[in-house]
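Throughout, a chain's letter reflects where its sequence line sits, starting with A, and its residues are numbered from 1.
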Amino acid sequence: MDIRDHLRTALRSALTDAGISPLPGEIALERPARREHGDWSTNVALAISKSVGRNPREIGRQLVEILSANPPAHVDAIEIAGPGFINFRLADTWLHEVLTDVITAGAEGYAAPDLGHGRTVNVEFVSANPNKPIHAGHGRGACYGDSLARLRERCGWVVTREFYLNDRGVQMQRFAESLAARKRGEEPPEDGYHGDYLVEWAAEMPDDADPFEWGYARALQSHRETLAKVGIVYDNWFSERSLLASGAIEDTLADLRSKDAVFEQDGAIWLRSTDRGDDKDRVLVKSDGDYTYLLPDIAYHRDKFRRAGHLVNVWGADHHGYVARMKAAMSMLGHDADELEVVITQLVDLMRSGEPVKMSGRSGDMISLDEIIDEVGPDAARFTYLIQSVDSRQTFDLDEVKKQAMDNPVFYVQYAHARICSIEAKAAEAGVKRVPISEVDASLLVHERETDLLRSLFELPEIVEIACTDNAPHRVSGWAREQAAALHGFYHDCYVIGEGVSAELTQARLALVEASRIGMSIALDLLGVAAPESM
RNA sequence: GGGCCCGUAGCUCAGUUGGAUAGAGCGCCGGACUUCGAAUCCGUAGGUCGCACGUUCGAGUCGUGCCGGGCUCACCA
């Protein structure tokens, strides 16, 4: 049982004995910022003081008295402090149970809270137009979206990773015209695509190929290859054209019409999105009869809702304005708009040694994600993209990220994992075999470095849960850095094998090392970063 | 002008439902290898949490108003 539930149970019982009624619904237990405040702390006396009309310190004193008369397991001391906090000082034995928990559950079972209960979720991310290579900004959305998918999978959801292809429309036409122009050795049209990549693609294209279809396939191949380089593999590449072919777009329009969600004005067909929180109504079909991008998009989301109970969209900051209209449309189609989660990722500023890298020059060229991966490596790219909250703008300095040095957290973390493996290899070499966890005397782990590691491992399940619910993989990378620091400290101060270390202590420490390896590999897997055995 | 995001140490950034003296990495300075990898570890210094008011036992966190930066406000995609 989680130590907090254990303490909560004791607190509820003490509250009852103290004559407090009704009992508070939630009892907060947290780790105090300062060690001298004990291992766990609750503000329950402060929280209820108003409703019971008593001084918080007085309530606290009474609770401490009741609890101290019959202290819960693992508890060494209970104190009242400050305005009415109740601090629990615990014996290390509570941490020793963590060791058993981790080893027993293993990499599959530990820190895998069942939040999804087998529900289906569709995570759509990147969805860059299939007419040019993926760039640095897409890279952030790519690594982020994939990590969200990994978190969901770990937390009991059934996940589909999806990429939406805008494979029709004027942009694709312009792309095809530009490619054809390059093939003829001419400059693309003014409103076409001018990047150097088109010169290369034109050179590859057979003379008799259809520029639209060939170019589309080429771009798709480029997307697949680039994303595969950072370990991202999609379950579904969804084509916009397929919506046209299947009649889904017309069906969607008819559906909206039947729900009185559209109206005609100035020869165009509009969505009454203002009825559901949007700030203006939106055109679905232009007066020239063409669809705007919105109608196929609505049809697409309608399709996704048929295939999954929950949708997550990862969109770039430049698309935040579309959230309201899409939610409005889904709501009008009878879906629960809360089941559509749209996460916005802020922009990435690509730098090189502190100097901004031009994202788009006259040629229309951008630094492609492909080049970035080739330059810094897939692990450094992923870890860097995921180290910080996507709510804030990111500076991605290529020279900093590719440095294999201390100021690069990915190496710090991976090195920690490699060191663990090195210890395990050393043990094997010395003929030391790890005994079953039931035969390990965990109570020997009393060094501060050891208990720090155990505390860190204890926190992982909660970190995973928060990261999943808040769509915040950076919580996982933050944990990995702390865990790495704890590991390096342990490595420095606590020998696992060697003179002066008893066989029993070696076994306990080997188990701790293995538990740490499990924890670290869980975190790195959620980030999609390799856990190297040596570097 | 409206909407969304951001403003925390010299730099890059954390900070779960409001909790006790606000953290980490890098950088600076000074230390530590005779056993598992020194790509490591330990220590010092560094702050009006953009500003102001409010809510309360308590605010980096919540509310309002400002200031500054980014993105966005099409019958373009």
When both hydrogen-bonding distances must be under 3.5 Å and the geometry is Watson-Crick or G-U wobble, what is B:C26 paired with, if anything?
B:G10
Give A:Arg449 one of three labels, base, sugar-phosphate or nothing, depending on what nucleic acid heavy atoms sit under 4.0 Å from its own.
sugar-phosphate
Would you mind pulling out the nucleotide paired to B:U21, Watson-Crick or G-U wobble, both distances under 3.5 Å?
none
What nucleic acid atoms does A:Met172 come within less than 4.0 Å of, heavy atoms only: base, sugar-phosphate, or nothing?
nothing
Quick one about A:Ser392 and A:Gln346 (side-chain donor to acceptor, distance below 3.5 Å, no hydrogens or angles considered), yes or no?
no
Would you call A:Glu58 and A:Arg61 a salt bridge, using N to O less than 4.0 angstrom?
no
N or O in side chain of A:Arg481 less than 4.0 angstrom from B:C13 OP1/OP2:
no
For the pair made of CG in A:Leu29 and C1' in B:G18, what is the distance, rounded to whole Å?
16 Å
With a 4.0 Å limit, can you tell me whether A:Ser392 has a side-chain N or O closer than that to the phosphate oxygens OP1/OP2 of B:A14?
yes
Under the side-chain contact (heavy atoms from CB on, under 4.5 Å) test against A:Ile27, which residue among A:Leu7, A:Leu15, A:Asp5 passes?
A:Leu15
Using a cut-off of 4.0 Å on non-hydrogen atoms, how would the nucleic acid contact of A:Thr395 be classed: base, sugar-phosphate, or nothing?
sugar-phosphate
Suppose you measure atom C1' in B:U17 against the same atom in B:G27; what distance do you get, rounded to whole Å?
36 Å
For residues A:Tyr293 and A:Tyr300, establish whether the separation of their ring centroids is below 6.0 Å.
no
To the nearest angstrom, the CG-C1' distance between A:Asp493 and B:A32 comes to 11 Å
Measure from the side chain of A:Glu462, starting at C-beta and using heavy atoms only, and say which of B:G19, B:U40, B:U16 lies closest.
B:U16
Atom NZ of A:Lys132 and atom C1' of B:A77 are separated, to the nearest Å, by 9 Å
Whole angstrom is fine here: how far is it from CD in A:Glu429 over to P in B:G37?
9 Å
Rounded distance (Å) that lies between atom P of B:A77 and atom OH of A:Tyr164:
12 Å
Determine the interplanar angle of the A:Tyr164 and A:Phe238 rings, folded into 0 to 90°, and report it as parallel if under 30°, tilted if 30 to 60°, perpendicular if over 60°.
tilted
Polar side-chain contact A:Asn43-B:G19 base: donor and acceptor under 3.5 Å:
yes
Would you classify A:Cys494 as touching base, sugar-phosphate or nothing, given that sugar-phosphate means primed atoms plus P, OP1 and OP2, and contacts are heavy atoms under 4.0 Å?
base
Any strand counts, and the cut-off is 3.5 Å on both contacts for Watson-Crick or G-U wobble. Which nucleotide pairs with B:C36?
none
Taking atom types as they are modelled, would you say the side chain of A:Tyr491 forms a donor-acceptor pair with the base of B:A38 within the 3.5 Å cutoff?
no
Hey, which of these two, A:Arg174 or A:Gly478, hits RNA chain B nearer its 5' end, going by closest nucleotide?
A:Gly478
Base, sugar-phosphate or nothing for A:Ala324? Non-hydrogen atoms, less than 4.0 Å.
nothing
Do A:His301 and A:Asn313 have side-chain N/O donor and acceptor atoms under 3.5 Å apart?
yes
Given the P atoms of B:G58 and B:C13, what is the spacing between them in whole Å?
34 Å
Between A:Gln171 and A:Arg31, just flag the one whose closest nucleotide in RNA chain B comes earlier from the 5' side.
A:Arg31
Spacing of the P atoms in B:G50 and B:A38 (rounded, Å)
41 Å
Would the base of B:A20 count as contacting A:Asn87 through its side chain, where contact means a donor and an acceptor less than 3.5 Å apart?
yes
A:Arg393 has a side chain; which of B:G70, B:U40, B:C36 sits nearest to it?
B:G70
Closest to side chain of A:Arg419, choosing from B:A74, B:G37, B:C75
B:G37
Is any side-chain heavy atom of A:Trp315 less than 4.5 Å from a side-chain heavy atom of A:Tyr322?
yes
Between B:C49 and B:C53, how far apart are the two P atoms, rounded to whole Å?
13 Å
Length of the CZ-P vector between A:Phe383 and B:G25, whole Å
14 Å
Rounded distance in Å - CD (A:Glu400) to P (B:U12):
11 Å
Remember a base hit wins even if backbone is also touched, and classify A:Ser49 as base, sugar-phosphate or nothing at under 4.0 Å, heavy atoms.
nothing
Does A:Tyr415 place a side-chain N or O at less than 4.0 Å from the phosphate oxygens OP1/OP2 of B:A39?
yes
For B:G15, does OP1 or OP2 lie under 4.0 Å from any side-chain N or O of A:His474?
yes
So what's B:C51 paired with, Watson-Crick or G-U wobble, going by both distances under 3.5 Å?
B:G65
Output field: ring centroids A:Tyr415/A:His488 closer than 6.0 Å:
yes
Electrostatic pair A:Glu162:A:Lys304 at N-O distance under 4.0 angstrom:
no
Could you tell me how far apart A:Trp479 (CH2) and B:G23 (C1') are, to the nearest whole angstrom?
19 Å
Looking at every strand, decide which applies to A:Ile344 at a 4.0 Å heavy-atom threshold: base, sugar-phosphate, or nothing.
nothing
Across the strands shown, which category fits A:Gln414 at heavy-atom distances under 4.0 angstrom: base, sugar-phosphate, nothing?
nothing
I'd like to know if A:Thr292 reaches the base of B:A74 with its side chain such that a donor and an acceptor end up less than 3.5 angstrom apart.
no
A:Tyr412 over B:G25, stacked by centroid distance under 5.5 Å, angle under 30°
no
To the side chain of A:Leu46, which of B:A77, B:C57, B:U40 is closest?
B:C57
Under 4.0 angstrom, heavy atoms only, what part of the nucleic acid is A:Arg475 near: base, sugar-phosphate, or nothing?
sugar-phosphate
For A:Asn129, answer base if it contacts any base atom (sugar-phosphate contacts may also be present), sugar-phosphate if it contacts only those atoms, and nothing otherwise; contact means non-hydrogen atoms under 4.0 Å.
sugar-phosphate
May I ask you to say what A:Ala317 touches in the nucleic acid, namely base, sugar-phosphate or nothing, with a heavy-atom cut-off under 4.0 Å?
sugar-phosphate
Which nucleotide in the list B:U35, B:A20, B:U72 gets nearest to the side chain of A:Tyr495?
B:U35
Which part of the nucleic acid does A:Glu499 contact within heavy-atom distance under 4.0 Å: base, sugar-phosphate only, or nothing?
base
Using a cut-off of 4.0 Å on non-hydrogen atoms, how would the nucleic acid contact of A:Ala81 be classed: base, sugar-phosphate, or nothing?
base
C1' spacing across the pair B:C66 / B:G1, given as an integer number of angstrom
16 Å
For B:A14 versus B:A22, give the span between their C1' atoms, rounded off to a whole number of Å.
11 Å
Between B:U34 and B:A24 - C1' atom distance, rounded Å
34 Å
Using the C1' atom as the reference point in each nucleotide, state the distance between B:U44 and B:G31 in Å, no decimals.
11 Å
Report yes if a donor N or O on one partner sits less than 3.5 Å from an acceptor N or O on the other, where the partners are the side chain of A:Ser287 and the base of B:C75; otherwise report no.
yes
For this output row, return yes or no: ring centroids of A:His37 and A:Phe85 closer than 6.0 angstrom.
no
Please determine if a side-chain N or O atom of A:Gln346 lies less than 4.0 Å away from the OP1 or OP2 oxygen of B:C6.
no
ring centroid sep under 5.5 Å plus plane angle under 30, A:His37 with B:A20:
yes
